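As a basis for the values below, the full set of heavy atoms in this structure was taken, side chains included, without hydrogen atoms, waters or symmetry mates. Heads up: numbering here begins at 1 and tracks the sequence. Worth saying up front: this structure is predicted, and the values here are computed from it rather than measured. Order of listing sets the numbers, starting from 1, for every ligand and every atom in it.
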Amino acid sequence: MRVLVIGGGGREHALCLGLSRDPSVTEIVAAPGNPGIAAVARIVPLTTPLAVATDVAPDLVVIGPEAPLVAGAADELRAAGFAVFGPSAAAAALEGSKAFAKDVMIAAGVPTASHRVATTPAELAAALDATGPPYVVKHDELAAGKGVVVTADRDAALAHGAGHRAVVEEYLDGPEVSLFCLTDGATVVQLLPAQDFKRLGDGDVGPNTGGMGAYCPLPWLPPDVVDEVVKTIAVPTVEHMAARGTPFSGLLYVGLALTSDGPKVVEFNCRFGDPETQVVLELLDSPIGELLHAVATGRLADVGPLRWRDGAAVVVVVASEGYPADPVTGDVIDGVDDAASVDGVAVLHAGTALDAGGRLVTAGGRVLGVTATGVDIPAARSSAYDAVRRLRIRGSHYRTDIAAAVPS
Ligand code: AMP
Ligand code: GLY
């Protein structure tokens with residue numbers, strides 16, 4: 001089958017690599033793609049999702065990022081007769097509106113932090129005082145991972161919420177886990193759990209980012225936790241979305257905190273996580289194209305149990321100078337081939353471009369996701385950092401503690 005992938009970040013590079021290993025996939029087209037994706041896919045400009053799909057005539061369209069999903073790209077493509085992996089705008093509101101997601105969780109009986117919605121400074125102040133520190137304040141809109149502050153400083157919490165419709169939440173304490181659940185609106189099939197490192201700096205300090213690294217699987221996670229999350233969170237959410245007439249089909253990203261009261265939802269996203277996808281898909285042995293096509297055509301129940309490779313995967317994100325506040329672009333990227341020559345390493349492109357002279361340059365905040373597999377997490381980690389050290393990008397930075405302290 002011919003697959004069209006919409007998007008051009010690290011997640012889409014991982015999806016395209018996975019698709020390239022699926023024998024049922026005969027051609028991959030990516031819009032707008034990136035220079036790394038160009039090694040496995042035909043790159044076309046992203047005019048509009050509908051215009052590209054009409055031109056390419058794919059058997060399956062995979063929509064990677066949340067913005068087109070929230071804007072209704074999947075609805076438009078389905079109406080035109082395409083098989084689409086990705087939820088409708090009404091279902092993508094699980095990510096597009098924190099307040100809507102909270103309403104769904106409450107209606108579905110899904111464990112999550114208690115919350116209040118504030119639209120004025122007075123409501124915000126009252127919500128902060130009712131909740132108490134540490135304060136969690138989220139903008140009620142898409143914000144690429146940057147709409148949330150967690151702070152003990154009441155003034156900073158007030159300042160973050162000012163001028164936005166804000167959701168103030170109870171603080172959830174405990175390790176975070178990302179669990180990706182494929183669903184066609186009825187059947188739910190979970191992938192391996194992963195852990196993401198959201199803060200900019202070593203030791204989990206500094207601002208939240210889109211994610212600075214990840215690893216998979218989680219050797220410390222008791223196996224029954226995943227089953228519990230599927231049963232108490234993913235399935236009730238999918239059932240509730242179907243019952244309210246807005247079935248969710250695509251990938252339900254369940255972001256969890258494992259609290260002393262059990263797993264609770266920190267956030268839902270309506271698409272594969274970035275950079276967790278880079279590690280989860282490295283370990284997936286089942287053909288991803290067939291899986292995504294089964295989701296898109298409502299046949300997920302027919303897919304047998306997923307197969308996974310042994311071992312572990314680690315991704316370290318290399319970011320450009322100034323990320324996340326103000327990323328500098330246009331810096332030359334050297335050393336990619338050397339980094340990719342490390343055993344078990346794939347250098348996945350996120351914010352990269354070719355300049356007028358054909359040189360690879362930075363074109364976004366998160367530039368590369370250096371992904372490595374190994375027999376275990378320490379082995380994968382060591383290969384990933386070996387590769388990262390071979391890259392030369394002026395002003396770039398990365399965390400040095402991704403997957404460093406993983407209990408076994
Ligand atoms: P979100 O965009 O909702 O995923 O939030 C980004 C990050 O902020 C999460 O990954 C957590 O690290 C942190 N966060 C969000 N909500 C909470 C919460 N209720 N309690 C503690 N930390 C949170
Ligand atoms: N890595 C977090 C996200 O994709 O939202």
Side-chain angles (χ1 to χ4, degrees), residues 7 9-12 14-15 64-67 69-70 92 94-102 105 110-116 127-128 131-152 157 160-161 164 166-180 191 193-201 204-216 251-261 263-281 315-317 319 324 348 350 365-366 369 371 399 402:
R11 163 189 44 222
E12 288 76 30
L15 283 163
E66 61 276 17
L69 292 166
V70 169
L94 276 185
E95 174 166 2
S97 165
K98 304 270 184 198
F100 173 75
K102 285 294 189 185
M105 286 185 251
V110 164
T112 186
S114 62
H115 80 289
R116 289 164 179 245
L128 292 176
T131 315
Y135 303 105
V136 180
V137 182
K138 304 184 175 186
H139 297 164
D140 189 25
E141 65 216 34
L142 281 188
K146 290 169 236 159
V148 178
V149 298
V150 181
T151 176
H160 183 68
H164 295 266
V167 174
V168 175
E169 278 189 12
E170 167 200 4
Y171 177 76
L172 297 178
D173 203 8
E176 287 187 43
V177 171
S178 304
L179 186 68
F180 298 167
L191 306 185
Q195 191 169 52
D196 178 20
F197 292 73
K198 288 224 168 73
R199 297 283 190 142
L200 181 67
D204 289 329
V205 298
N208 265 318
T209 69
M212 295 298 291
Y215 66 94
C216 174
L251 188 121
L252 178 64
Y253 168 134
V254 183
L256 299 156
L258 304 181
T259 74
S260 48
D261 289 340
K264 294 191 182 181
V265 176
V266 171
E267 64 168 338
F268 281 142
N269 291 320
C270 65
R271 38 77 194 172
F272 279 96
D274 191 346
E276 298 98 310
T277 302
Q278 286 82 320
V279 284
V280 173
L281 293 191
V315 57
V316 177
V317 169
L348 299 180
R366 294 189 290 175
T371 307
R399 276 183 68 157
I402 303 300

Q278 and G273: which non-hydrogen atoms are nearest, and at how many Å? OE1-O, 4.2 Å

Minimum heavy-atom separation for I402 and A214, please, with both atom names. CG2-N, 3.8 Å

Side-chain (T371) to main-chain (G369) donor-acceptor, under 3.5 angstrom: yes

Could you check whether any side-chain N or O of H139 sits under 3.5 Å from a backbone N or O of H160, counting only pairs where one atom can act as donor and the other as acceptor? yes

For ligand 1 and L172, I'd like to know whether there is a polar contact (N/O to N/O, distance under 3.5 Å). yes

What about Y171: any of its N or O atoms under 3.5 Å from an N or O on ligand 1? no

Is there a side-chain contact between R11 and R271 (heavy atoms, below 4.5 Å)? yes

Do the non-hydrogen side-chain atoms of E12 and P65 ever get within less than 4.5 Å of each other? yes

N208 contact mode with ligand 1 (heavy-atom cut-off under 4.0 Å): side chain

[X] to ligand 2: N or O pair under 3.5 Å?
X	value
G210	yes
K198	no
E267	no

Quick one, Y171 with Y135, criterion side chain to side chain contact (heavy atoms under 4.5 Å, CB included). Give me CA distance, side-chain angles, the key distance, then yes/no. CA-CA 7 Å; Y171 177 76; Y135 303 105; over 6 Å; no

Which residue, F268, F272, F180, forms the ring-ring contact (aromatic ring centres under 6.0 Å, His included) with Y253? F180

List every atom of ligand 1 that sits less than 4.0 Å from any heavy atom of [X], numbering the atoms from 1 in the order shown and giving each element.
X	value
K98	1 (P), 2 (O), 3 (O)
E169	16 (N), 18 (C), 19 (N)
K138	3 (O), 15 (C), 16 (N)

Option set [options], criterion heavy-atom distance to [atom], minimum:
atom	options	result
atom 11 (C) of ligand 1	H115, R199, E176, H139	E176
atom 4 (O) of ligand 2	R271, R11, E66	R271
atom 23 (C) of ligand 1	V150, V148, V137, T259	V150

Using a strict 4.0 Å threshold on nitrogen-to-oxygen distance, state whether K264 and D173 make a salt bridge. no

Would you mind checking if E170 and K102 are paired as a salt bridge, meaning a charged N to carboxylate O distance below 4.0 Å? no

Which atoms of ligand 2 are found less than 4.0 Å from any heavy atom of G273? 4 (O)

Please identify which atoms of ligand 2 are closer than 4.0 Å to at least one heavy atom of N269. 5 (O)

Whether F272 lies under 4.0 Å from ligand 2, heavy atom: no

